[in-house]
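These notes concern the structure reproduced below.
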Amino acid sequence: MSRLVVVSNRVGPVKDAARAGGLAVALVEALKSRGGLWYGWSGKVDEHVQDQAKIENVGSLSLATVDLSAEEHEEYYNGFANRCLWPLFHYRIDLTAFDRRYYEGYRRVNAKFARVLHPLLKPDDTIWVHDYHFLAFGNELRHMGAEQSIGFFLHIPFPAREVLAALPHHDAMVRGLFAYDVLGFQTEQDCERFRDYVVREAHGRAEGDRLHCFGRTVTVRAFPIGIDAEGFARMAETDKDARKQYEKATKSLNGRTQIVGVDRLDYTKGIAERFHAYERLLQDYPETRREVSYLQIAATSRGDVQEYREMREELDGLSGHINGAYGEFDWTPLRYLNRPMARRSLSGLYRASKIGFVTPLRDGMNLVAKEYVAAQDPEDPGVLVLSRFAGASYQMPEAIIVNPYDIKGVADALQIARYMSLQERRERFEALMAGLRREDVANWRDEFLSALAAVARPGNPVEG
Ligand code: ADQ
């Protein structure tokens with residue numbers, strides 16, 4: 001089997017499985033079994049950067065990383081990736097910064113990543129590139145003469161044609177994607193939107209799961225990412241830290257129903273709308289007061305991007321308002337914590353919560369929804385309230401599916417979840433869990449890699 005090279009913005013962690021999460025563990029397994037290389041940004045910003053990778057060997061796998069200069073970090077990472085592609089692909093044109101400087105920086109950094117990796121490649125390597133940081137990377141590698149199989153997986157949604165068209169360089173960007181052999185998306189709907197763009201905007205031709213355009217052919221398929229469902233369920237039930245967290249949470253609840261939200265602090269996650277829906281629950285169903293407790297964990301991310309700082313202020317204000325208006329001296333309606341939580345403890349917390357509250361405005365998949373279900377006690381499972389705009393909703397129809405913009409509808413869904421019978425909760429849980437086991441993260445990885453292995457590839461760059 002050929003060596004696997006994984007390219008992603010951040011590399012690892014490779015040693016501590018509990019910290020790493022399902023995706024990193026699944027990738028490490030594949031890398032170890034094939035003697036692989038994991039390549040990406042070191043996470044360091046340094047004025048004296050060199051165009052050279054730092055290589056560290058961990059058993060049979062190697063980690064190769066490069067540093068970024070302050071300017072590269074600002075233009076490529078904060079700029080084009082996180083202030084342009086991220087909001088635009090999540091339908092937030094209003095937050096999208098269309099700055100040519102960012103685009104140029106992104107192109108330069110993608111070329112740099114390709115230039116540094118190229119000499120480390122072997123002729124029969126299989127290369128798997130991840131996410132929106134590297135849309136232009138494959139084509140840069142091809143221009144340097146790389147003929148290996150290169151696949152690309154997009155973790156975030158692919159936007160509708162008209163939304164993408166707002167990006168000044170949308171044509172060049174999509175053209176560049178044709179340098180890859182396989183393009184993987186989270187859902188059929190993402191594939192459909194990509195096909196629609198290629199056929200109607202770029203005048204390509206669709207033929208089954210293949211798309212012909214710019215003189216190249218790519219395979220386009222949905223590979224919905226999963227979690228290690230079995231492992232996560234086991235952790236929630238048996239791990240020491242998980243048990244401790246479960247007991248602590250249960251005790252502090254004093255018989256109340258806990259609603260839990262866990263997110264990276266991001267405007268795509270719909271946390272403000274969620275706060276409004278919770279307030280609506282307290283307003284419209286006064287009997288819920290003192291009976292429910294909403295815990296929102298939101299780990300700060302991308303703190304040096306302006307839009308994220310503003311959102312944080314808004315959420316601070318809203319949570320203060322809810323607690324001020326509805327709280328009692330012995331009841332805090334909303335507990336809002338700005339910090340990450342270790343995965344083991346998180347699993348215990350999910351298990352102690354009767355309602356999982358996952359209502360992003362747009363999300364490629366959303367793994368929290370899957371983790372919440374996997375962590376439940378099969379004898380007495382909680383209920384998942386899930387946004388229709390999360391990729392996960394297509395695989396999880398047994399959740400209560402809501403429109404996150406419909407504040408009253410979401411409040412009503414919380415009330416339905418509170419009163420759902422044990423029998424219905426069990427039936428829904430069993431159906432959801434069967435899906436999580438069938439389409440777990442190992443399955444996702446293997447499906448993608450077999451699709452990539454199945455493609456016969458001409459290996460030339462996209463011209464123009
Ligand atoms: P994210 O936007 O980061 O990922 P998500 O899938 O929900 O979103 O979460 C990823 C992981 O982070 C989960 O394992 C979760 O437990 C963890 N996490 C989130 N908040 C946390 C917190 N406060 N403390 C500790 N852990 C936390 C992107 C896309 C998603 C897609 C994933 C994977 O935006 O749509 O599902 O990639 O493809």
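Reckoned from all heavy atoms, side chains included, excluding hydrogens, waters and symmetry mates. First listed ligand is number 1; within each ligand, the first listed atom is number 1. All values reported here derive from a predicted model rather than from experimental measurement.
For ligand 1, the atoms sitting less than 4.0 Å from at least one non-hydrogen atom of Arg264 are 1 (P), 2 (O), 3 (O), 19 (C), 20 (N), numbered in the order shown with element in parentheses. Residue Leu367 has at least one heavy-atom neighbour below 4.0 Å for each of these atoms of ligand 1: 5 (P), 6 (O), 7 (O), 33 (C), 36 (O). Close contacts of ligand 1 with Arg343, meaning ligand atoms under 4.0 Å from a residue heavy atom, involve 14 (O), 16 (O). Counting atoms of ligand 1 from 1 in the listed order, those under 4.0 Å from a heavy atom of Lys269 are 1 (P), 2 (O), 7 (O), 8 (O). Applying the 4.0 Å criterion to heavy atoms of Leu346 picks out, from ligand 1, the atoms 16 (O), 25 (C), 26 (N). Using a 4.0 Å cut-off to heavy atoms of Gln186, the atoms of ligand 1 that qualify are 31 (C), 38 (O). Those atoms of ligand 1 with a heavy atom of Val368 less than 4.0 angstrom away are 7 (O), 15 (C). Listed by atom number, the atoms of ligand 1 under 4.0 Å from Gly364 heavy atoms are 35 (O).
Close N/O approach between His90 and ligand 1 is not found [any backbone or side-chain N/O within under 3.5 Å]. In terms of polar-atom proximity, defined here as any N/O pair under 3.5 Å, Met341 does make such a contact with ligand 1.
Under 4.0 Å from ligand 1, not a single heavy atom of Thr268 appears. Of the heavy atoms in Trp86, only side-chain atoms (C-beta onward) come closer than 4.0 Å to ligand 1. Using a 4.0 Å cut-off between heavy atoms, Ile225 contacts ligand 1 through its side chain alone, with no backbone atom that close. Only backbone heavy atoms of Arg339 (N, CA, C or O) come within less than 4.0 Å of ligand 1; its side chain stays farther off.
Residue Arg264 places its CZ atom among more than 12 non-hydrogen atoms of other residues, nucleotides or ligands, all under 6.0 Å distant. Other residues, nucleotides and ligands place more than 12 heavy atoms under 6.0 Å from the NZ atom of Lys408. The 12-atom threshold is not exceeded at CZ of Arg107, counting heavy atoms of other residues, nucleotides or ligands nearer than 6.0 Å. Around atom CD of Glu162, no more than 12 heavy atoms belonging to other residues, nucleotides or ligands sit under 6.0 Å away.
Ring pair Phe113/Trp41: centre-to-centre distance not below 6.0 Å.
For Arg362, there are no side chain to side chain donor-acceptor pair (under 3.5 Å) partners, not counting sequence neighbours.
Under 3.5 Å, the side chains of Asn9 and Tyr76 contain a donor-acceptor pair of N or O atoms.
Note on ring orientation: taking the six-membered ring where Trp is involved, the planes of Phe153 and His155 are perpendicular (angle over 60°, cut-offs 30° and 60°).
At least one side-chain heavy atom of Glu307 sits less than 4.5 Å from a side-chain heavy atom of Tyr267. Using a 4.5 Å cut-off on side-chain heavy atoms (C-beta onward), Asn338 and Asp316 make contact.
Considering Asp263, Ile156, Asp131, Leu337 only, the shortest heavy-atom separation from atom 23 (N) of ligand 1 involves Asp263.
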